Trainee: 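Submitted below is the structure of interest, expressed as structure tokens.
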Amino acid sequence: MNKKLSLWDATMLVMGSMIGSGIFIVSSDMMRNLGSGYWLITVWVITGIMTVAAAISYGELSSMFPKAGGQYTYITEIFGKMTGFLYGWGLFTVIQTGTIAAVAMAFGKFTAYLIPALNNSDPIFQSGTFRITWVQILAIVVILFLTFINTKGVKNGKILQNLFTTSKIIALLGIIFFGFLLVKDSQWASNMSFGWNSFQDFGKEVGNDLLPTGWKSIGSITLLGGIAAAMVGSVFSSVAWENVTFVSGEIENPRKNVVKSMVLGTTIVMVLYMLVNFVYLNALDRDAIAFADKNRPAVAASEVIFGNLGTVIMAILVMISTFGCINGLVLAGARVFQTMAKDGLFFKSAIENNQNGVPGKSLWMQGIWASVLALSGQYGDLLDMISFVIVLFYMITVFGVIYLRIKKPNLERPYKTWLYPVTPLLYLLIGTAFCVLLVWFKPQYTWPGFILILLGVPVYWFINKKKLS
């Protein structure tokens, strides 16, 4: 493959793929589960440590296997084709395509905030609870448009990625700066007054609104469940940084630049996320964060900072953010399915590069399936179910670093994991605690994802009996 992506491009891909809609939304649900500024910050710190530790660990594998396919390639090389296929199966069915659909829908919903006619118009089609709306159509148009742009070559995709990632970073820095400069009545002391005490209030639905019912103090056992539930949101907002490994084959000097981009990109994004949450805690009281209209604390905070104009500013920022995020996900994901096809584990037609040197057919397969998920309206449920599995595959990959050190200590390692074995073990410890707590307190987030991945087993057996044509 042509080496068309520099370290700057790779870092922009890491950051652009991470920063989507999550940071503007998830803090509401996190606050409902924890009820304290201290605990909200703590969960973001845990997630930040977890994310950067994983990126540092992945760096060793990226230097050993500097080719397209990234995480799929690492898992296949270490644990065999079947394990690699199950990851790729999950990536195509939900992880990558479902995330594209969810972020595209977020783009549509915030566009509808600026153009109310999109929200107010009748559904194009409705049968029972299933319906097709103009917001869904807009989401699909964005997915297919960005897929088309990326079929025209890596250069077009990277220009869009760099432009939109730079724009949203500048905009986030502006929100952070003015979030402390322009807020007259700071809520910081109020939000921090609860200390390490924890509370929950899941509210009640009244029409289209979620209203508080009264905060209830919770004990240490329930707090553990609250932390796990809150981390579903913070982890979802912090994934997709590994997308840069999918395009390793197109990055200049991948043995060095992939790890540099991952560590640099994840660190900057997690610091930005922390500062954005500081703005929420400064601008809004506990109820205003937890019960922000339609789970949009960013919009509520922006209104406090900039007045009525703030809601428009935030809607535009989220549109920029989600557009750039979709582009990064589209650009990177197709390379995995192309690599799987070369291994005989995906449709053979996905192997070919088009005249622009990119996997055109793989891009369109990904784009069409993401559009189907957006049309179905099931992407949100699917992503809730798969978040647990995403962390499991992260853990498998990080464990691969330790496994290879033991099994094949003499393999060339151009980059070695910083503070090994502390760094990978730290990730595995936090990841295990997260998964165990979810299984214990929130099983609905776990078993459906297991079933989805296990459905890949008979598909793998079928493929090995009769290769896809």
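Quick caveat, the model's predicted, so the values are computed rather than measured.
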Trainee: Taking ring-ring contact (aromatic ring centres under 6.0 Å, His included) as the criterion, tell me which of Phe346, Phe85, Trp369, Phe246 meets it with Phe337.
Mentor: Phe346
Trainee: Is there a side-chain contact between Thr423 and Val52 (heavy atoms, below 4.5 Å)?
Mentor: no
Trainee: Do other residues, nucleotides or ligands put more than 12 heavy atoms under 6.0 Å from the CZ atom of Phe202?
Mentor: yes
Trainee: Strictly distance-based, threshold 3.5 Å: is any side-chain N or O of Asp209 a donor or acceptor partner for the main-chain N or O of Leu211?
Mentor: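 Looks like no, no N/O pair under 3.5 Å.
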Trainee: Please report the interatomic distance CD1(Ile124) to CD1(Ile137), rounded to the nearest 0.5 Å.
Mentor: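 Atom-to-atom, Ile124:CD1 and Ile137:CD1 are 4.5 Å apart.
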Trainee: For the residue pair Gln338 and Ser362, what are the closest heavy atoms and their distance?
Mentor: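 Result for this residue pair: N-OG, 3.7 Å.
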Trainee: Between atom CG of Leu329 and atom CD1 of Ile143, what is the distance when rounded to the nearest 0.5 Å?
Mentor: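 Going from CG on Leu329 over to CD1 on Ile143, the span is 10.5 Å.
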Trainee: Within a strict 4.5 Å, meaning less than it, do heavy atoms of the Ser127 and Phe125 side chains meet?
Mentor: yes
Trainee: Any side-chain heavy-atom pair from Leu210 and Lys294 closer than 4.5 angstrom?
Mentor: no
Trainee: Test your reading of the model: is there a side-chain donor-acceptor pair from Lys168 to the backbone of Gly16, 3.5 Å cut-off?
Mentor: yes
Trainee: For the residue pair Met395 and Phe399, establish whether any side-chain heavy-atom pair is separated by less than 4.5 Å.
Mentor: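 No - every pair of side-chain heavy atoms lies 4.5 Å or more apart.
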Trainee: Start with the C-alpha distance between Trp447 and Phe388, add both sets of side-chain angles, then the distance that settles ring-ring contact (aromatic ring centres under 6.0 Å, His included), and finish with yes or no.
Mentor: CA-CA 9 Å; Trp447 63 265; Phe388 173 75; over 10 Å; no
Trainee: I want to check something: taking the side chain as every heavy atom from C-beta on, are Thr166 and Trp8 in contact at a cut-off of under 4.5 Å?
Mentor: yes
Trainee: Using the side chain to side chain contact (heavy atoms under 4.5 Å, CB included) rule, take Lys216 and Asp201 through it: C-alpha gap first, then chi angles, then the decisive distance, then the call.
Mentor: CA-CA 7 Å; Lys216 296 176 183 176; Asp201 182 0; over 6 Å; no
Trainee: Checking side-chain polar atoms at under 3.5 Å, does Gln161 have a donor or acceptor matched by the opposite partner on Asn327?
Mentor: yes
Trainee: Where the side chain of Thr151 meets the backbone of Phe148, is there a donor-acceptor pair that is under 3.5 Å apart?
Mentor: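 A pair under 3.5 Å: yes.
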Trainee: For the residue pair Ile19 and Cys325, establish whether any side-chain heavy-atom pair is separated by less than 4.5 Å.
Mentor: no
Trainee: Between Tyr58 and Gln71, do the side chains contain an N or O donor and an N or O acceptor separated by less than 3.5 Å?
Mentor: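 Looking only at side-chain atoms, Gln71 and Tyr58 do form a donor-acceptor pair, the distance falling under 3.5 Å.
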Trainee: Without swapping roles, check the side chain of Thr245 against the backbone of Glu242 for a donor-acceptor pair under 3.5 Å.
Mentor: yes
Trainee: Decide side chain to side chain contact (heavy atoms under 4.5 Å, CB included) for Asp293 and Val299; before the verdict, give the C-alpha distance in whole Å, the side-chain angles of both, and the deciding distance to 0.1 Å.
Mentor: CA-CA 8 Å; Asp293 182 44; Val299 173; over 6 Å; no
Trainee: Is the positively charged end of Arg286 above the ring of Phe194, judged by distance under 6.0 angstrom from the centroid and angle within 45° of the axis?
Mentor: yes
Trainee: Has Asn191 got a side-chain atom pairing as donor or acceptor with Leu284's backbone, closer than 3.5 angstrom?
Mentor: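 The answer is yes, because a donor-acceptor pair under 3.5 Å joins these two groups.
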Trainee: Contact between Asp287 and Trp215 at the side-chain level, heavy atoms closer than 4.5 Å - yes or no?
Mentor: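 Touching, per the 4.5 Å side-chain cut-off.
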Trainee: I need the Ser28 OG to Phe291 CZ distance, nearest 0.5 Å.
Mentor: 9.0 Å
Trainee: Taking all heavy atoms of Ser62 and all of Met262, pick out the closest pair and write down the distance.
Mentor: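 Heavy atoms only, the tightest pair is OG-CE, 4.1 Å.
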Trainee: Identify the two heavy atoms, one from Leu40 and one from Ser27, that lie closest to each other, and give their separation to 0.1 Å.
Mentor: CD1-O, 4.3 Å
Trainee: As an exercise, state the distance from CZ of Phe434 to CD1 of Ile46, rounded to the nearest 0.5 Å.
Mentor: 11.0 Å
Trainee: So, applying ring-ring contact (aromatic ring centres under 6.0 Å, His included) with Phe278, which one of Trp188, Phe180, Phe177, Trp44 is it?
Mentor: Trp188
Trainee: Determine whether Val330 and Leu363 make a side-chain contact, defined as any pair of heavy atoms from C-beta on separated by less than 4.5 Å.
Mentor: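 Yes, their side chains come closer than 4.5 Å.
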Trainee: Looking at every heavy atom in both Thr432 and Leu428, which two are closest together, and how far apart are they?
Mentor: OG1-O, 2.6 Å
Trainee: Under 3.5 Å, is there a donor-acceptor pair between the side chain of Gln187 and the main chain of Asn282?
Mentor: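 A pair under 3.5 Å: no.
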Trainee: Apply side chain to side chain contact (heavy atoms under 4.5 Å, CB included) to Phe441 and Ile221, showing your working.
Mentor: CA-CA 10 Å; Phe441 290 101; Ile221 299 297; 3.7 Å; yes
Trainee: State whether the side chain of Trp39 and the backbone N or O of Trp196 hold a donor-acceptor pair below 3.5 Å, judged by distance alone.
Mentor: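 It does hold such a pair.
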Trainee: Residues in salt bridge (charged side-chain N to carboxylate O under 4.0 Å, His left out) with Lys158, at least two apart?
Mentor: Asp9
Trainee: Measure from NZ or CZ of Arg335 to the centre of the six-membered ring of Tyr72 and say whether it is under 6.0 Å with the direction within 45° of the ring axis.
Mentor: no
Trainee: Show the numbers, then the answer: is there a side chain to side chain contact (heavy atoms under 4.5 Å, CB included) between Ile175 and Leu317?
Mentor: CA-CA 10 Å; Ile175 295 292; Leu317 170 55; 3.9 Å; yes
Trainee: If you compare all heavy atoms of Gly431 against all heavy atoms of Met50, which two are closest, and at what distance to 0.1 Å?
Mentor: CA-CE, 3.8 Å
Trainee: When rounded to the nearest 0.5 angstrom, what is the spacing between CD1 in Ile56 and OG1 in Thr51?
Mentor: 11.0 Å
Trainee: Would you confirm whether Thr311, through its side chain, and Asn308, through its main-chain N or O, come within 3.5 Å as a donor-acceptor pair?
Mentor: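 Yes; judged by distance alone, with no hydrogens or angles, the pair exists.
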Trainee: Please tell me whether Ser234 and Thr47 have a donor and an acceptor in their side chains that are separated by less than 3.5 angstrom.
Mentor: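 Result is yes, a qualifying pair exists.
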Trainee: Measure from the side-chain N and O atoms of Ser321 to the backbone N and O of Gly20, and report whether any donor-acceptor pair falls under 3.5 Å.
Mentor: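 The answer is yes, because a donor-acceptor pair under 3.5 Å joins these two groups.
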Trainee: Kindly give the heavy-atom pair with the smallest separation between Gly328 and Asn243, and that separation in Å.
Mentor: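 That closest heavy-atom pairing would be O-OD1, 4.1 Å.
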Trainee: Tell me if the aromatic rings of Trp89 and Tyr460 count as close, with their centers under 6.0 Å from one another.
Mentor: no
Trainee: Rounded to the nearest 0.5 Å, how far apart are CD1 of Ile268 and CD1 of Ile169?
Mentor: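 Output value for this atom pair is 7.0 Å.
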Trainee: For the pair Glu303 (side chain) and Ala300 (backbone), establish whether a donor and an acceptor sit closer than 3.5 Å, ignoring hydrogens and angles.
Mentor: no
